[in-house]
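For reference, the structure is listed below as structure tokens.
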Amino acid sequence: KGTLRNKGIFIKVGQALATLNHLMPKEFTDKLALLQDQVPTRGYKEVETLFLEDFGRTPRQIFKEFDPVPIAAASLAQVHKAVTRDNQIVAVKVQYIDLRDRFHGDMKVMQQVARALDWMFGHPHRARVFGEVESNLWDELDFEKEGVNSERR
């Protein structure tokens, strides 16, 4: 429940940890596996605020149509259906507004949790794994890079 309340990076890391049954106790991975299906969405007001900050316009000013209700939600973003000005139906991936601001602080908290788990369960590898997780997550937050990479395919 705390992971869901903290949202974003905590959910993403929790989802990743759920797959590490070779490093984490089964009781932990079983609980964390619930995060695969229980990602809360964010409200349209937040989406609108993000668009205004990033583009200086609301989604409805940019798109001919923009569904305020997301069709899917994940740990770092949610997806909205939209129609472009030239009538193409598109999926718009909207990153949650506070992720970049909270990233480094959230990762410091998780690094401390990893160290505590290492100490409690005698596996000195979790803290090292978090260093790799941090680097990969920062890349995942770069939607421009993701867009360029998807165009190469």
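Since we're looking at a predicted model, the values are computed, not measured. One is the number of the first residue; the rest follow in order along the sequence.
- In terms of the salt bridge (charged side-chain N to carboxylate O under 4.0 Å, His left out) criterion, residue partners of K93 (sequence neighbours excluded) are, by chain and number, E146.
- Listed by chain and number, the residues in a side chain to side chain contact (heavy atoms under 4.5 Å, CB included) with E53 are T49, I97 (sequence neighbours excluded).
- In this structure, I71 shares a hydrophobic cluster with V79, the cluster being traced through Ile, Leu, Val, Met, Phe, Trp and Tyr side chains under 4.5 angstrom apart.
- Using a 4.5 Å heavy-atom threshold, the side chains of R42 and P70 count as separate.
- Under the 4.5 Å side-chain criterion, counting only non-hydrogen atoms from C-beta, Q88 is not in contact with V83.
- Listed by chain and residue number, F55, F66 satisfy the ring-ring contact (aromatic ring centres under 6.0 Å, His included) test with F51 (two or more places apart in sequence, or in another chain).
- In this structure a side-chain-to-backbone donor-acceptor pair under 3.5 Å is present from H80 to D67.
- The line from CZ of F63 to NZ of K81 is 13.5 Å long, rounded to the nearest 0.5 Å.
- The shortest heavy-atom contact between Y96 and A73 is OH-CB, 3.7 Å.
- Here the side chains of L52 and L50 are not in contact, with every heavy-atom distance at 4.5 Å or above.
- Note that NZ of K64 is 8.5 Å distant from OG1 of T84, once rounded to the nearest 0.5 Å.
- At a threshold of 4.5 Å between non-hydrogen side-chain atoms, the residues P59 and V47 count as touching.
- Put simply, CZ on R57 and CD1 on I62 are 5.0 Å apart, with the number rounded to the nearest 0.5 Å.
- Partners of K45 according to the salt bridge (charged side-chain N to carboxylate O under 4.0 Å, His left out) rule, which considers only residues two or more places apart in sequence or in another chain, do not exist here.
- The structure places CZ of R60 at 7.0 Å from CD of E48, a figure rounded to the nearest 0.5 Å.
- By the salt bridge (charged side-chain N to carboxylate O under 4.0 Å, His left out) test, E65 is found to be paired with no residue, residues two or more places apart in sequence or in another chain being considered.
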